[in-house]
Novice: 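Pasting in a structure now, in structure tokens, and then I'll have a few things to ask.
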Amino acid sequence: MLNLHNAEFIRSAVKESDFPADDLPQVVFAGKSNVGKSSVINKLLGRRNFARVSAQPGKTVHINYFMIDRKMYLVDLPGYGYARVSKAEQKRWGELMEEYFDLGLLTLGIQIVDIRHAPTRDDVTMAEWFRASGKPWVIIANKLDKIKKSQTENNLAVIRQTLLLPEEVPVIPFSAEKGMGRDEVLSLIFDHIGKDDPA
């Protein structure tokens with residue numbers, strides 16, 4: 001079993017040579033700049049300020065690597081879809097994503113979307129990256145605490161439809177605020193790194 005509290009920041013990667021070259025599983029988190037990605041990561045790890053919550057979303061283009069219990073990497077992709085980012089930054093983001101995905105390093109992809117709204121064009125593009133990787137991926141529909149229970153089913157259906165999700169991709173309603181969905185996501189992570197863990 002993983003000790004989630006044994007988590008450390010390893011490095012920020014800005015180019016291919018920065019990516020760790022060992023065989024540890026890599027669980028990759030992606031999401032729009034304002035979707036609460038850092039809060040989701042913090043909630044999963046049970047830490048308050050582990051993944052820094054940025055006051056200026058979309059300002060940096062790098063991939064943050066955290067090591068969990070020396071058994072897996074939690075890989076935090078740069079937030080996307082931030083309106084004020086320059087074309088040059090968008091291009092750098094695209095090139096970095098391409099380098100990362102081309103290497104086939106990913107064990108499990110976790111894409112975070114906002115359960116209150118239909119996914120954006122950028123969300124659809126990110127889903128295409130995960131689909132093309134051929135690796136398993138999961139959608140976390142964050143901010144569950146911000147909608148009425150009666151809206152949940154319909155909103156999840158809209159997400160599935162908009163992202164053109166294959167049946168095997170789960171969509172998990174989640175609240176970084178209240179912790180709903182946390183156990184389900186952790187159990188999926190443990191399943192996938194268990195499959196790929198040589199130990």
Side-chain angles (χ1 to χ4, degrees), residues 1-14 18-20 24-82 84-85 93 96 100 106-117 119 122-123 126 137-149 152 155-156 159 170-194 197:
M1 196 59 151
L2 274 186
N3 175 5
L4 295 170
H5 291 284
N6 184 9
E8 57 183 316
F9 173 72
I10 299 295
R11 73 180 67 141
S12 287
V14 293
D18 296 335
F19 302 150
L24 289 182
Q26 298 193 16
V27 176
V28 174
F29 285 76
K32 260 178 27 183
S33 294
N34 57 355
V35 79
K37 180 158 55 78
S38 296
S39 305
V40 168
I41 291 171
N42 288 331
K43 180 54 75 178
L44 288 172
L45 294 179
R47 302 277 285 270
R48 193 162 288 171
N49 295 312
F50 186 69
R52 286 183 298 278
V53 179
S54 171
Q56 290 184 295
K59 292 302 282 179
T60 45
V61 179
H62 48 223
I63 295 176
N64 287 324
Y65 277 87
F66 303 93
M67 190 180 275
I68 312 297
D69 206 18
R70 305 205 169 277
K71 294 192 179 100
M72 70 165 246
Y73 290 110
L74 188 159
V75 185
D76 184 12
L77 298 184
Y80 55 82
Y82 188 58
R84 292 203 294 247
V85 169
W93 184 90
L96 191 61
Y100 181 80
L106 143 84
T107 305
L108 173 68
I110 296 181
Q111 181 178 0
I112 302 163
V113 298
D114 188 330
I115 197 167
R116 298 171 300 177
H117 313 295
D122 292 313
D123 289 324
M126 192 71 238
W137 108 94
V138 176
I139 305 293
I140 285 182
N142 192 27
K143 309 200 178 182
L144 176 62
D145 51 293
K146 304 278 194 281
I147 63 169
K148 294 178 185 152
K149 265 194 180 153
T152 306
N155 291 24
L156 294 177
I159 289 167
V171 181
I172 300 172
F174 194 92
S175 166
E177 189 81 21
K178 305 271 171 69
M180 294 176 278
R182 178 179 185 263
D183 291 348
E184 200 178 337
V185 174
L186 286 177
S187 134
L188 268 167
I189 291 173
F190 292 150
D191 283 355
H192 283 285
I193 66 166
D197 191 348

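Computed from a predicted model, the values in this text were never measured in an experiment.
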Novice: Kindly compute the distance separating CH2 (W137) from CG (L108), expressed to the nearest 0.5 Å.
Specialist: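 Rounded to the nearest 0.5 Å, the CH2-CG separation comes to 11.5 Å.
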Novice: Is it true that D114 and K32 have a side-chain N and a carboxylate O under 4.0 angstrom from each other?
Specialist: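 Between K32 and D114 there is no salt bridge, as every charged N stays at least 4.0 Å from the carboxylate O atoms.
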Novice: So do the side chains of I63 and S12 get within less than 4.5 Å of each other, counting heavy atoms only?
Specialist: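 A side-chain contact under 4.5 Å is absent here.
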Novice: Check step by step if side-chain contact (heavy atoms from CB on, under 4.5 Å) holds for L144 and T152.
Specialist: CA-CA 8 Å; L144 176 62; T152 306; 3.8 Å; yes
Novice: State, with a plain yes or no, whether a side-chain heavy atom of I172 is found less than 4.5 Å away from one of L188.
Specialist: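 Answer yes - side chains close enough.
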Novice: What's the shortest heavy-atom distance between R47 and H5, and which atoms?
Specialist: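 For R47 and H5, the tightest heavy-atom pair comes out as NH1-O, 3.0 Å.
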Novice: Using 30° and 60° as the class limits, which term best fits the ring planes of F19 and Y65: parallel, tilted or perpendicular?
Specialist: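 Geometry flag for Y65 against F19: tilted rings.
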Novice: For the NE2 atom of H62 and the CZ atom of R11, what is their distance to the nearest 0.5 Å?
Specialist: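 It is 13.5 Å, given to the nearest 0.5 Å.
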Novice: Determine, step by step, whether V40 and I110 satisfy the side-chain contact (heavy atoms from CB on, under 4.5 Å) criterion, reporting the C-alpha distance in whole Å, the side-chain angles of both residues, the deciding distance to 0.1 Å, and the verdict.
Specialist: CA-CA 11 Å; V40 168; I110 296 181; 5.9 Å; no
Novice: Considering only heavy atoms from C-beta outward, does the side chain of H192 approach that of V27 to under 4.5 Å?
Specialist: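 H192 does not reach V27 side chain to side chain.
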Novice: Is W93 reaching over with its side chain to a backbone N or O of P78, donor-acceptor style, under 3.5 angstrom?
Specialist: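 Checked: pair present.
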Novice: Are the side chains of L77 and M126 in contact, using a 4.5 Å heavy-atom criterion?
Specialist: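 Yes. Closest side-chain heavy atoms under 4.5 Å.
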Novice: Nearest heavy-atom pair of P20 and Y73: which atoms, and what distance?
Specialist: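 That would be CB-OH, 3.4 Å.
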Novice: Could you tell me the separation between the CZ atom of F9 and the CG atom of N64, rounded to the nearest 0.5 Å?
Specialist: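 The CG atom of N64 is 5.0 Å from CZ of F9, to the nearest 0.5 Å.
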Novice: If you define the side chain from C-beta out and look only at heavy atoms, does anything of Q111 sit under 4.5 Å from I139?
Specialist: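 Side chain of Q111 against side chain of I139, heavy atoms only: contact under 4.5 Å found.
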Novice: Atom CE in M67, atom CG in L74: separation rounded to 0.5 Å?
Specialist: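 Going from CE on M67 over to CG on L74, the span is 11.5 Å.
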Novice: Would you say that R48 contacts N42 through its side chain, given a criterion of any heavy-atom pair below 4.5 Å between the two side chains?
Specialist: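 No, every pair of side-chain atoms sits at 4.5 Å or beyond.
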Novice: Pick out which of V171, L156, N142, I140 makes a side chain to side chain contact (heavy atoms under 4.5 Å, CB included) with I115.
Specialist: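 That would be L156; it is the only one of V171, L156, N142, I140 passing the side chain to side chain contact (heavy atoms under 4.5 Å, CB included) with I115.
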Novice: Please walk me through it: do L2 and M72 pass side-chain contact (heavy atoms from CB on, under 4.5 Å)?
Specialist: CA-CA 9 Å; L2 274 186; M72 70 165 246; 3.6 Å; yes
Novice: When you compare the side chain of F174 with that of L44, does any pair of heavy atoms fall below 4.5 Å?
Specialist: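 Yes, close enough: below the 4.5 Å cut-off.
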Novice: If you define the side chain from C-beta out and look only at heavy atoms, does anything of I68 sit under 4.5 Å from L45?
Specialist: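 I68 vs L45: side chains touch.
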Novice: Counting only N and O atoms by type, is there a donor-acceptor contact under 3.5 Å from the side chain of D18 to the main-chain atoms of A13?
Specialist: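 Not at all, since once roles are kept as given, no pair shorter than 3.5 Å links the two residues.
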Novice: Supply the atom-to-atom distance I159 CD1 to H117 NE2, rounded to the nearest 0.5 angstrom.
Specialist: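 With rounding to 0.5 Å, CD1 (I159) is 10.5 Å from NE2 (H117).
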Novice: side-chain contact (heavy atoms from CB on, under 4.5 Å), that's the test. Do R70 and E8 meet it? Break it down for me.
Specialist: CA-CA 9 Å; R70 305 205 169 277; E8 57 183 316; 3.3 Å; yes
